[in-house]
Amino acid sequence: MGQLSLVLLLLSAQWSCAQEDPLLPFSEHLDPEHNVRLKWGFDEIQGTILFELTVNTSGWVGFGFSPKGGMIGADIVIGGVGPKGSYFTDRHATGKSIPLVDQKQNYKLLSLNESDGKTVMKFQRSIKSCDENDLPITDIPMKLIFAYGQSDDIRYHSNRRGTKEVNLLKYMPRVNPPNSKYFNMTMVNFTVPANQTYYHCKVMKAPTFDRKQHIYRIEPFITNFDLVHHMLLYRCPPSVTEPLEAECYTGEGEECIEVVAVWGIGGGAFELPEMAGLPIGGNVGDFFYRLEIHYNNPNKIAGRVDNSGLRFYCTSELRQHDAAILMTGLAVAPGYAIPPKAKSFLTYGLCDTAYIPQVLETPHDLQVFSVAMHTHLAGRKVRVGHFRGEKQIDFLSVDENYDFEYQEVKNLGKTKTVQLGDKLLVECTYNTENRNTLTWGGFSTSNEMCLAFLFYYPAMNLSRCWSFPDAESLGSAMRTTDKDTLLKMMYMKNWNDASINQYQQTLKKVDQLVMVTDSFNNGSYNKGTIPDLNVIPTTPCTLLQ
């Protein structure tokens with residue numbers, strides 16, 4: 001009997017996990033008694049948001065948005081399953097009375113079911129406002145209101161109502177799982193050199209755990225906000241067995257290339273979705289990790305001491321999936337340049353997942369749930385296009401107003417599947433109108449990067465999937481096979497709108513060296529071409545006529 005109970009428990013857990021909807025990754029109870037549960041997800045590219053409201057009642061249910069938390073001015077939907085079938089209406093409230101039905105019905109009902117004393121209503125709407133009776137959904141906390149009845153006669157709800165403030169578009173759950181603990185990985189009394197740009201690396205062990213843990217929350221731990229530009233934590237391969245501390249990219253510790261955490265200036269804490277965690281400890285292995293901090297010291301001040309790093313919250317209560325991070329975009333290497341005086345100059349980095357099986361024995365699709373995009377001072381826009389079968393099917397993420405001073409890990413709003421064979425194109429837009437010399441790709445703040453870090457599950461032993469213009473192909477297009485001649489040509493060129501555009505088109509047309517690298521520095525190297533990145537049309541604001 002005990003064995004049967006265990007089997008049923010395991011099946012129940014598996015069934016529960018199977019019910020996770022990738023389109024509805026976020027969840028909040030709106031009342032203290034847990035009678036009302038809201039699940040949601042959104043698609044900023046399409047401009048839509050999806051809700052699923054579950055209420056412990058067999059009567060009518062209502063949900064909406066309120067300017068101040070009350071009825072007046074609220075944007076509301078009311079639905080239920082009555083004797084004559086289901087009903088669902090888009091309404092607005094003018095006072096403490098039954099909300100009025102909107103002339104334009106801008107919410108789309110997807111399903112409405114009632115069973116076992118619960119009513120489940122799934123519906124969609126536009127993120128923006130569709131008419132004067134709809135409230136736009138913003139990226140700041142909004143007051144959500146709910147109410148429900150005990151029958152399908154829509155009348156006064158009595159105390160069956162409530163209000164809760166939630167940031168729907170920038171939601172970050174604050175969970176406190178059992179057996180939770182935290183640890184820090186930081187610099188210790190490091191004296192920052194008087195250099196404008198300096199990368200410092202520290203290879204160290206994480207705390208030892210007898211059992212595998214899942215990291216569910218990452219916080220920046222910063223002692224000099226004016227110096228720390230960005231931080232990366234890499235997992236090292238088993239070949240790294242000794243701690244060290246030195247300037248980055250000087251030949252030491254460079255075997256550690258698998259990114260497990262990323263933070264950029266202006267960003268805050270990041271919490272993973274409920275179904276995934278970053279693995280550490282136990283059978284994950286007794287690895288070393290490399291903490292990399294980019295110090296930006298434009299005034300070249302000497303003697304500043306720093307203890308910055310990252311704080312990790314973890315739990316032994318394991319989640320459904322191990323998560324991981326894949327670095328994509330334009331490889332950070334010398335050799336590509338952005339012309340001066342450019343109003344809008346584009347660079348591209350290509351990840352072709354068809355080459356992942358060349359470095360991994362058991363590859364699989366990626367379920368991407370968050371993205372961190374990164375450029376330096378000249379960056380203005382970043383777009384990550386998603387291609388399947390030579391056709392663009394979506395954007396993974398878009399930032400049309402990229403701000404160097406505010407870089408964060410961005411929840412996509414839903415889980416997006418990248419199938420093996422799909423291509424991902426990272427496009428960065430730069431403005432160099434105030435520069436008189438070439439801007440080279442590189443590590444300095446005055447250099448440029450074009451990267452997108454993809455948070456995904458289930459984890460693979462994969463570190464990078466990116467590209468770089470093929471040197472031979474670029475030399476041929478520029479009518480030179482000599483590197484020094486090419487550099488001289490670039491420096492001596494008269495850069496104007498016509499020459500800038502011509503060079504941009506040349507960079508896009510030449511062959512790309514597409515590189516995929518596993519966690520142990522084994523790589524594949526293939527040729528590829530840059531596809532055209534189009535605008536995915538958004539869903540019309542009015543979802544129902």
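In this chain, residues are counted from 1 in sequence order. Atom set for the values below is all heavy atoms of this structure, side chains included, hydrogens, waters and symmetry mates excluded.
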Check [Y] with [X], please: is the shortest side-chain N to carboxylate O separation under 4.0 Å?
X	Y	answer
E44	K410	yes
D134	K128	no
K341	E433	no
R388	D394	no
E400	R380	no
D43	K414	yes
E219	R217	yes
D21	K39	no
R290	E254	no

**Message:** Testing the basics here: between D306 and M187, what is the closest heavy-atom pair and its distance to 0.1 Å?
**Reply:** O-CB, 3.9 Å

**Item:** ring pair (Phe, Tyr, Trp, His ring centres under 6.0 Å): pairs with one or both residues in residues 389-428, sequence neighbours excluded
**Value:**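 Of all non-adjacent pairs touching residues 389-428, those that pass ring pair (Phe, Tyr, Trp, His ring centres under 6.0 Å) are H229-F404.
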
Is there a donor in the side chain of [X] and an acceptor in the side chain of [Y], or the other way round, less than 3.5 Å apart?
X	Y	answer
H200	E292	no
Q196	N299	no
N447	H376	no
T223	N307	no
N224	R304	yes
S519	E258	yes
T415	Q367	no
Y457	Q320	no

**Item:** Test log, rule side-chain contact (heavy atoms from CB on, under 4.5 Å), inputs T328 and L451
**Value:** CA-CA 6 Å; T328 64; L451 299 172; over 6 Å; no

**Request:** Over 60° means perpendicular and under 30° means parallel, so classify the ring planes of Y503 and F345, tilted if in between.
**Result:**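 F345 and Y503: parallel rings.
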
**Item:** Pairwise side-chain contact, S308 with F221, heavy-atom cut-off 4.5 Å (strictly under)
**Value:** no

**Asked** Looking at side-chain heavy atoms only, is the closest gap between I137 and M142 below 4.5 Å?
**Response** yes

Looking only at atom types and distance, does a side-chain atom of [X] sit under 3.5 Å from a main-chain N or O of [Y], one as donor and one as acceptor?
X	Y	result
W263	G267	yes
D511	K527	no
R319	Y216	no
D365	L420	yes

**Residues in ring pair (Phe, Tyr, Trp, His ring centres under 6.0 Å) contact with Y199, at least two apart in sequence or another chain** = H230, Y249, H294, F443

